[in-house]
Structure formats: C-alpha cells, structure tokens
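Atoms within a ligand are numbered from 1 in the order they appear, just like the ligands themselves.
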Amino acid sequence: MIKVVVSGAAGRMGREVLKAVWQTEDLDLVGAVDIRAEGQDVGPLWGAPEVGVPLQADLEAVLLETRPDVMVDFTSPAAVAGNVKTALRHRVRPVVGTTGMGADELEEIRSLAADLKVGCVIAPNFALGAVLMIRFAAEAARYFPDVEIIELHHDQKLDAPSGTAIKTAEAVLAVRGDYRQGFHGEEEKIPGVRGGRHAGGIRIHSVRLPGLVAHQEVIFGGLGQTLTIRHDSISRDSFMPGVLLAVRRVMHLEGVVYGLENLIFA
Ligand code: NAP
C-alpha cells in the first residue's frame with residue numbers, strides 16, 4: 001500500500017483526488033490538508049459517508065503524524081513551492097498538479113529533490129489527451145512553424161497563461177528553433193488587434209469563463225490552410241488516471257520528473 005496525503009483537499013481538484021485515492025485498492029488515504037480546514041471528515045467532500053480521515057490545516061503536522069509515502073498537491077501558485085519543499089524535507093515524494101510555479105522555484109525544487117534523492121513528479125496537465133496534444137503539436141511544428149495557442153479555462157483559475165499552454169509553446173519552440181513568425185516588432189502599431197502573451201515568440205490567448213473546465217486549441221497556419229489540434233477536459237475525472245500513475249511511479253524515482261509524458265512515453 002502506498003500512503004497518500006492530499007494537499008488542497010477541499011478544492012475542485014483536491015476532492016477528485018481524495019475520491020480517486022480512496023477508491024484505489026493499492027493506495028491508502030492517510031491525510032488531507034487545506035488551509036481553511038477545521039478537522040471535519042473528508043468523505044462528505046466527495047459525497048461519501050465519513051471515512052475517518054480529518055481535513056487538517058497544517059501540512060507539516062500531518063506529514064509528521066501520518067508518515068505518508070506521497071503528497072499530492074493541487075493548491076495555488078502561491079502555496080505550491082512551500083508545500084513541495086516541506087514534503088521533500090520530510091522525504092515524502094510530491095506529485096504536483098498545481099500550475100503557476102515560477103522558474104526559480106522549479107529550479108530550487110529540482111536541486112533539493114536531487115540532493116535529497118527523493119522522487120517528485122510535476123505535471124501541468126495530468127490528462128492523457130493533453131499530453132498527446134502537445135506531442136502532436138511538436139510533430140506538426142516540423143511542417144507548420146507558424147502557430148498560435150488558445151487556452152480556455154474556468155473563471156476561477158488563478159494563473160495565465162496555463163501551464164499546459166506554456167509547455168506546448170516550449171515543445172513547439174524546441175522543434176522550430178529560432179524561427180520568427182508574423183511581422184516583427186510592429187505589434188504596437190495596431191494596439192488591441194493582437195491579444196495574447198508571448199512565450200518565445202508564440203502567442204498564447206487565455207480565455208476564462210464559467211462553464212469551461214480545461215481546453216486548448218493549437219492552431220497552425222500554412223499556405224492556404226490551417227491545422228487545429230484541440231483537447232477538451234470536460235470533467236476533472238480526466239486527470240485522475242494520470243495522477244494515480246504518477247503516485248505509483250514516483251515511488252521509484254529520484255529527483256524531479258517534469259511532465260507526464262516522461263512517465264507515459266519513457
Ligand atoms: P481550487 O479549487 O482553488 O483548490 C485549491 C485548494 O487549495 C483550495 O481549497 C485552497 O483553499 C487550498 N489551498 C490554498 N493554499 C493552500 C495551502 N497552503 N495548503 C493547503 N491548501 C491550500 O483550485 P483547483 O481548481 O482545484 O486547482 C488547483 C491547482 O491545480 C491550480 O493550480 C490548477 O491550475 C491546477 N490544475 C492542474 C491540473 C493538472 O492536470 N495538472 C488540472 C486541473 C487543475 P482556499 O480556497 O481557502 O484558498
């Protein structure tokens with residue numbers, strides 16, 4: 001049995017993870033953490049009866065008390081790095097879905113995990129379809145270097161652009177190198193016409209609306225044609241097989257693996 005603590009357990013993703021871990025035979029849900037917790041049982045968070053696991057506010061206290069193998073974190077950009085470092089120092093393996101972590105924080109976590117020889121998986125998207133979308137986008141970029149990304153998420157998402165969009169842009173950039181698309185350095189002459197943020201020269205447009213979960217279109221343009229690769233997570237169930245895979249695989253890792261593709265295709 002792999003002992004799991006869920007951090008951000010009362011959130012949209014945290015509740016799904018609680019349910020998935022609870023329903024999985026080889027995993028043992030030993031603790032749950034959320035900043036506004038008051039010791040209530042977590043079962044009702046996913047519509048179940050009480051399961052005997054309290055929701056607590058202090059991550060470090062829960063790690064000391066429950067001695068888990070893995071901490072799954074779906075919290076916020078402000079909280080995630082601190083939580084991951086706390087887990088690593090207690091030799092608990094983090095599986096991280098929270099997006100919006102800064103590059104410096106990621107580097108610090110990489111070196112801490114390597115020094116301590118503790119496994120850690122960080123994945124901006126745990127949905128298999130999204131991982132395939134990024135792979136197909138990298139393949140298409142060999143033939144269509146001109147590309148823009150539209151990512152669409154629910155209106156409570158804190159970060160923009162999404163971690164998935166940034167990862168897609170990085171995958172395309174790795175293929176197309178220093179190719180520069182569109183007209184250069186002239187955008188300010190048409191204010192308001194071209195929205196979105198650059199990621200290495202690739203524009204990412206972020207849509208935030210109620211009714212959405214997590215969606216992305218990667219649109220390539222060529223001579224007289226376009227190619228659109230689209231992925232839709234229509235429910236948060238879509239992320240759970242990837243999270244469970246990471247929980248099992250992180251047990252055998254040392255240091256940080258960034259991206260679910262490195263577990264699926266490796
Ligand atoms: P959410 O509903 O806001 O849930 C986050 C939860 O974490 C909230 O209950 C929040 O409490 C709690 N929290 C904040 N700081 C904390 C801390 N220091 N310790 C413990 N709990 C803390 O957000 P969500 O929609 O579940 O998304 C969570 C993260 O996952 C986001 O970064 C999102 O982009 C990411 N995400 C990733 C994937 C993936 O596949 N990798 C998929 C979907 C979402 P309060 O509400 O009181 O602040």
Side-chain angles (χ1 to χ4, degrees), residues 5-20 31-40 42 45-46 54-63 68 71-87 92 94-102 105-106 120-134 151-168 206-216 231-247 250 256-264:
V5 158
V6 179
S7 171
R12 286 172 289 264
M13 286 297 290
R15 290 165 195 241
E16 289 291 334
V17 177
L18 287 174
K19 180 178 163 194
V33 183
D34 205 283
I35 36 174
R36 278 186 280 200
E38 290 168 353
Q40 64 272 41
V42 296
L45 286 175
W46 75 90
L55 187 62
Q56 295 171 271
D58 185 340
L59 174 65
E60 189 148 30
V62 172
L63 298 182
M71 175 198 71
V72 179
D73 190 284
F74 281 94
T75 57
S76 73
V80 57
N83 289 348
V84 172
K85 285 186 266 181
T86 300
V92 175
V95 167
V96 182
T98 313
T99 53
M101 196 169 1
E105 291 173 321
L106 183 58
C120 175
V121 174
I122 302 174
N125 202 314
F126 278 106
L128 173 62
V131 172
L132 289 172
M133 169 183 61
I134 294 172
E151 54 97 344
L152 311 91
H153 284 81
H154 61 88
D155 62 351
Q156 303 303 304
K157 184 171 173 61
L158 296 177
D159 54 315
S162 72
T164 305
I166 293 168
K167 202 151 196 313
T168 308
S206 299
V207 178
R208 296 289 177 267
L209 285 171
L212 295 169
V213 179
H215 317 258
Q216 181 170 291
H231 176 256
D232 297 274
S233 273
I234 54 177
S235 89
R236 292 182 176 82
D237 296 349
S238 60
F239 305 112
M240 293 307 117
V243 171
L244 298 180
L245 172 75
V247 167
V250 77
V256 171
V257 169
Y258 182 78
L260 190 67
E261 67 279 11
N262 295 307
L263 301 183
I264 292 176

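For ligand 1, one of its N or O atoms has an N or O atom of F126 under 3.5 Å away. In terms of polar-atom proximity, A10 is not counted as a contact of ligand 1, lacking any N or O under 3.5 Å from an N or O of the ligand. For the pair D34 and ligand 1, the shortest N or O to N or O distance falls below 3.5 Å. Close N/O approach between A123 and ligand 1 is found [any backbone or side-chain N/O within under 3.5 Å].
Counting protein heavy atoms only, atom 28 (C) of ligand 1 is closest to T75 O, 3.3 Å. In this structure, the protein non-hydrogen atom closest to atom 18 (N) of ligand 1 is A79 CB, 3.2 Å. The closest protein non-hydrogen atom to atom 39 (C) of ligand 1 is P124 O, 3.5 Å. At the top of the distance list for atom 4 (O) of ligand 1, counting protein heavy atoms only, stands G11 CA, 3.2 Å. Taking atom 30 (O) of ligand 1 as the reference point, the nearest protein heavy-atom neighbour is F74 CD2, 3.3 Å. In this structure, atom 45 (P) of ligand 1 lies nearest to the protein heavy atom R36 NH2, 3.2 Å. R12 NH2, 3.6 Å is the protein heavy atom nearest to atom 3 (O) of ligand 1.
Contacts of A214 with ligand 1, taken as heavy-atom pairs under 4.0 Å, are absent altogether. Residue-level proximity to ligand 1 for M13 is carried by backbone and side chain together, each with a heavy atom below 4.0 angstrom. Contacts of L158 with ligand 1, taken as heavy-atom pairs under 4.0 Å, are absent altogether. Counting heavy atoms under 4.0 Å from ligand 1, residue A9 does not touch it at all. Counting heavy atoms under 4.0 Å from ligand 1, residue F239 touches it through the side chain alone.
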Problem - Derivation of the side chain to side chain contact (heavy atoms under 4.5 Å, CB included) call for L59 and M71 - result: CA-CA 10 Å; L59 174 65; M71 175 198 71; 3.9 Å; yes
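For ligand 1, the atoms closer than 4.0 angstrom to any heavy atom of K157 are 34 (O). Of all atoms in ligand 1, numbered sequentially from 1 with element shown, those under 4.0 Å from a heavy atom of G97 are 30 (O), 35 (C), 36 (N), 37 (C), 38 (C), 39 (C), 41 (N). The atoms of ligand 1 that sit less than 4.0 Å from any heavy atom of G8 are 6 (C), 7 (O), 20 (C), 21 (N).
Side-chain contact check for K167 versus E261: some heavy-atom pair is nearer than 4.5 Å. The closest side-chain heavy-atom distance from V92 to V5 is not below 4.5 Å. Within the 4.5 Å cutoff, side-chain heavy atoms of M240 are placed close to those of V17. Between E16 and F239, the closest side-chain pair of non-hydrogen atoms is not below 4.5 Å. A heavy-atom distance below 4.5 Å is found between the side chains of D232 and H215. Using a 4.5 Å cut-off on side-chain heavy atoms (C-beta onward), T164 and I134 make contact.
Summarising the geometry, atom CZ belonging to R12 is positioned 4.5 Å from atom NE2 belonging to H154; distances are rounded to the nearest 0.5 Å. The OG atom of S7 sits 4.0 Å away from atom CG of N83, with the distance rounded to the nearest 0.5 Å.
A salt bridge does not link K157 with E151: every distance from a Lys NZ or Arg NE/NH1/NH2 to an Asp or Glu carboxylate oxygen is 4.0 Å or more. Of the charged side-chain nitrogens involved, none lies within less than 4.0 Å of a carboxylate oxygen, so that R36 and D34 do not count as a salt-bridged pair.
The only member of T75, V62, L55 that meets side-chain contact (heavy atoms from CB on, under 4.5 Å) when paired with V33 is V62.
Checking L55, I35, V17 against atom 20 (C) of ligand 1, the nearest heavy atom belongs to I35. The closest heavy-atom contact to atom 33 (C) of ligand 1, among the options N125, V96, V80, T99, comes from T99.
Taking a 6.0 Å sphere around CD1 of I234, one finds it holds 12 or fewer heavy atoms contributed by other residues, nucleotides or ligands.
For the pair L59 and ligand 1, no heavy-atom separation below 4.0 Å is found.
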